[in-house]
Amino acid sequence: MSFTVAIVGRPNVGKSTLFNRLVGKKLALVDDTPGVTRDRRPGDARLMGLTFTIIDTAGLEEADAESLQGRMRAQTEAAIDEADLSLFVVDAKSGLTPVDTDLAEMLRRRGKPVVLVANKSEARGSDSGFYDAYTLGLGEPTPISAEHGQGMLDLRDAIVAAIGEDRAYPEKEDVAVTDVDIPQAEGDGSDEDEEPVYDDTKPLRVAIVGRPNAGKSTLINRFLGEDRLLTGPEAGITRDSISVEWDWRGRTIKMFDTAGMRRKARVIEKLEKLSVADALRAIRFAETVVIVFDATIPFEKQDLQIVDLVLREGRAAVLAFNKWDMIEDRQAVLADLREKTDRLLPQARGIRAVPISGQTGWGLDKLMQAIIDTDKVWNKRISTARLNRWLETQQVQHPPPAVSGRRIKLKYMTQVKARPPAFMISCTRSDALPESYTRYLINGLRADFDMPSVPIRIHFRSPDNPFEGKKRRT
């Protein structure tokens, strides 16, 4: 992108609505409640042929530096310092407030280009608020409606005038042919039974989930080495699912911080429902999901439900027991956690669990290695020849049960997909095969092919009976 733009303003003037309009997606949560946005969220914006990085920020308010609002203000000021240009959004419908005047003075002191945006200008009676915006001394305001998309051409022209045409439209560099990755067609010159090698250079998407106040944002900040996400002792600070990128041993990691997920019965407010829905979308988009447990109060009912949800979605899961620095008798607690993990999470047999401290950074390298190892299993493919040899051995050791005097025969097995690993077995009378035998096969796959912790799917298929539906001749 050519330059970076920060959207700033007091709460509830439509900053997140404008952010969603510019990125073309509903990435940021939008609600009538003031102060929905708390962290700064970056995105790739496109506006009438103009491309740039846009940053959504929290509403600026005067508050003590140690309070939640004060920490939100610090995040917004960091975004202003990072950006090349600020879009100062005011509400033309409700008019100016003393907070708007203070923010205008703060932006002037920064000495960076500012575009004054009068949002909600389509509303009846917004003319007075629009003309009042001239008194801020930041030049001519640009009237827009972020909700309805009005005034976007004028906004583009104002941004170009403020940043300069050279920055707004940099010359495109020629892309070398060697930089283009041309994928090989499936089955082109390759052995269909060959097991592909894991690509450890591909970017990895990781979602961090858990109950409120488990330390998810603190953990990500420790990975990044900076206070990128808003943290504090208050529960439920994070509302949006914020994505950040960083490198670990040369590999790009895209990590998603999510809102704390409480029990469904306790989620009453509309805003919290939106936050939880955003967290669920992050789980579905991610490849590996880290479920953060509070080591001082682990295995609450909600913890188990979150793990079950992640596995049902087919994601690779890793457990992180956070706040390990607060544990005194670590050996005894670790043994207890291992016993409870095996007993309370039988559907995730072999799941990797790592004790960590997001506050001090202890154990983070082990956690990242567990994430990579789990992702390798999640992407694993097994050749058809190996699977059928294994299936024959399994039937010899433990034959399928006989149903109504007729034994079920497993004929053929192949892997139909990875991410997560899924297999198809051709057999007779698939509808009569008991669930216990399916679990036996899944446990065998885990043990014999080293596939712990990831969900494994097995589908059974019976060949069509050509005589079904035909009457027998007498």
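Since the model is a prediction, treat every value here as computed from it, not as a measurement. If you read the sequence from its start, that first residue is 1, and numbering goes on from there.
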ask   = With distance as the sole test, does T53 use its side chain to make a donor-acceptor pair with the main-chain N or O of D44 at under 3.5 Å?
value = no
key: Test item: R407 side-chain N/O and P400 main-chain N/O as donor-acceptor pair under 3.5 Å   = yes
ask   = Quick one: does Q302's side chain have a donor or acceptor within less than 3.5 Å of a partner on M261's backbone?
value = yes
ask   = Charged N to carboxylate O below 4.0 Å: is that the case for E287 and R419?
value = yes
ask   = Taking only residues two or more places apart in sequence, or in another chain, which ones meet K202 in a salt bridge (Lys or Arg N to Asp or Glu O under 4.0 Å)?
value = none
ask   = Would you say I456 and L441 make side-chain contact, with heavy atoms under 4.5 Å?
value = no
task = Determine whether more than 12 heavy atoms belonging to other residues, nucleotides or ligands lie under 6.0 Å from atom CD of E77.
result = yes
inquiry  = Less than 4.5 Å apart, side chain to side chain, heavy atoms only: is that true for M106 and R109?
reply    = yes
task = Kindly say whether H398 contributes a backbone atom to a donor-acceptor pair with the side chain of Y437 at under 3.5 angstrom?
result = yes
request  = Measure the spacing between CD1 of I458 and CD1 of I442 and express it to the nearest 0.5 Å.
outcome  = 4.5 Å
message = When you measure from the side chain of Q395 to the backbone of L410, do you find a donor-acceptor pair of N or O atoms at a distance under 3.5 Å?
response = yes
ask   = Taking the six-membered ring for Trp, are W246 and F223 parallel (under 30°), tilted (30 to 60°) or perpendicular (over 60°)?
value = parallel
task = Mind listing the closest non-hydrogen atom pair of A282 and A207 along with its distance?
result = O-CB, 4.0 Å
task = Could you tell me whether the side chain of F52 reaches within less than 4.5 Å of the side chain of I54, counting heavy atoms only?
result = yes
ask   = Taking all non-hydrogen atoms of both residues, which atom of L387 and which atom of L445 are closest, and how far apart?
value = CD2-CD2, 4.2 Å
key: side chain to side chain contact (heavy atoms under 4.5 Å, CB included) between V13 and N119, intermediate numbers included   = CA-CA 7 Å; V13 295; N119 192 27; 5.8 Å; no
Side chain to side chain, V292 and V290, heavy atoms closer than 4.5 Å = yes
query = With a 4.0 Å cut-off, would you call E105 and R108 a salt bridge?
reply = yes
task = Please determine if D81 and R110 form a salt bridge, counting it only when a charged side-chain N lies under 4.0 Å from a carboxylate O.
result = yes
task = Using the salt bridge (Lys or Arg N to Asp or Glu O under 4.0 Å) rule, take D294 and K323 through it: C-alpha gap first, then chi angles, then the decisive distance, then the call.
result = CA-CA 6 Å; D294 186 338; K323 305 184 183 180; 3.2 Å; yes
query = Can you check whether R315's main-chain N or O pairs, donor with acceptor, with E313's side chain at less than 3.5 Å?
reply = no
note = When rounded to the nearest 0.5 Å, the distance separating CG of D257 from CG of L219 is 9.0 Å
Using residues 341-359 as the side-chain source, report each donor-acceptor pair under 3.5 Å to any protein atom, sequence neighbours left out, with the distance given to one decimal.
unit_1	atom_1	unit_2	atom_2	d
T341	OG1	L337	O	2.7
R343	NE	E339	OE2	2.8
Q347	NE2	D308	OD1	3.4
R352	NH1	T374	OG1	3.4
S357	OG	D325	OD1	2.9
S357	OG	T360	N	3.2
S357	OG	T360	OG1	2.9

Under 3.5 Å donor-acceptor, D56 side chain and R40 backbone = no
Interatomic distance, D102 atom CG to L107 atom CG [nearest 0.5 angstrom] = 11.0 Å
remark   = Taking every heavy atom of I283 against every heavy atom of L309, the minimum-distance pair comes out as CD1-CD2, 4.3 Å
query = Going by the side chain to side chain donor-acceptor pair (under 3.5 Å) test, which pairs reach into residues 451-461, not counting sequence neighbours?
reply = none
note = Correct closest heavy-atom pair for A317 and L311 would be CB-CD2, 4.1 Å
key: K417 atom NZ, over 12 foreign heavy atoms within 6.0 Å   = yes
query = Roughly how far apart are F88 CZ and I80 CD1, rounded to 0.5 Å?
reply = 9.5 Å
ask   = Is the NZ or CZ atom of R205 both under 6.0 Å from the centre of the six-membered ring of F256 and within 45° of that ring's axis?
value = no
Residue pair L334, F321: steps toward the side chain to side chain contact (heavy atoms under 4.5 Å, CB included) verdict = CA-CA 10 Å; L334 186 60; F321 293 104; over 6 Å; no
message = Are K411 and L391 packed together at the side-chain level, in the sense that at least one heavy-atom pair is separated by less than 4.5 angstrom?
response = no
query = L204 versus T252: any side-chain heavy-atom pair under 4.5 Å?
reply = no
ask   = D303 and R211: salt bridge (Lys or Arg N to Asp or Glu O under 4.0 Å), yes or no, with the steps?
value = CA-CA 7 Å; D303 291 326; R211 290 187 291 115; 2.9 Å; yes
request  = Keeping to residues at least two apart or across chains, list the salt bridge (Lys or Arg N to Asp or Glu O under 4.0 Å) pairs with something in residues 435-453.
outcome  = none
remark   = Those residues at least two apart in sequence (or on a different chain) that pass side chain to side chain contact (heavy atoms under 4.5 Å, CB included) with Q369 are W248, R249, I372, D373
query = Taking atom types as modelled, is there a side-chain donor on D91 or S94 under 3.5 Å from an acceptor on the other?
reply = yes
task = Kindly say whether K120 contributes a backbone atom to a donor-acceptor pair with the side chain of S145 at under 3.5 angstrom?
result = no
query = Could you state the interatomic distance from CG (L319) to CD1 (I306), rounded to the nearest 0.5 Å?
reply = 11.0 Å
ask   = With distance as the sole test, does T258 use its side chain to make a donor-acceptor pair with the main-chain N or O of I208 at under 3.5 Å?
value = yes
message = Using modelled atom types and a 3.5 Å cut-off, is there a donor and acceptor pairing between side-chain atoms of D84 and backbone atoms of F3?
response = no
note = Value for CZ (R251) from CD1 (I371), rounded to nearest 0.5 Å, stands at 10.5 Å
message = I need the full list of salt bridge (Lys or Arg N to Asp or Glu O under 4.0 Å) pairs touching residues 5-18, with sequence neighbours left out, sorted by first then second residue.
response = R10-D100
task = Check the pair I55 / I7 against side chain to side chain contact (heavy atoms under 4.5 Å, CB included), numbers first and verdict last.
result = CA-CA 6 Å; I55 304 176; I7 306 177; over 6 Å; no
request  = Report yes if some heavy atom in the side chain of L96 is under 4.5 Å from a heavy atom in the side chain of L136; otherwise report no.
outcome  = yes
query = Can you list the steps and then say if K340 with D336 is a salt bridge (Lys or Arg N to Asp or Glu O under 4.0 Å)?
reply = CA-CA 6 Å; K340 287 183 177 177; D336 181 61; 3.4 Å; yes
inquiry  = In the structure I gave you, are the side-chain heavy atoms of N221 and E226 within less than 4.5 Å of one another anywhere?
reply    = no
request  = Please report the shortest heavy-atom distance between S430 and F460, naming the atom on each side.
outcome  = CB-CB, 3.7 Å
request  = Report yes or no: is the cationic atom of R330 (NZ for Lys, CZ for Arg) closer than 6.0 Å to the six-membered ring centre of W362, at no more than 45° off its axis?
outcome  = yes
query = If you look at every heavy atom in A104 and L138, which pair is closest and at what distance?
reply = CB-CD1, 3.9 Å
request  = Let me see the working for K380 and V454 under side chain to side chain contact (heavy atoms under 4.5 Å, CB included), right down to the final yes or no.
outcome  = CA-CA 10 Å; K380 190 169 187 176; V454 300; over 6 Å; no
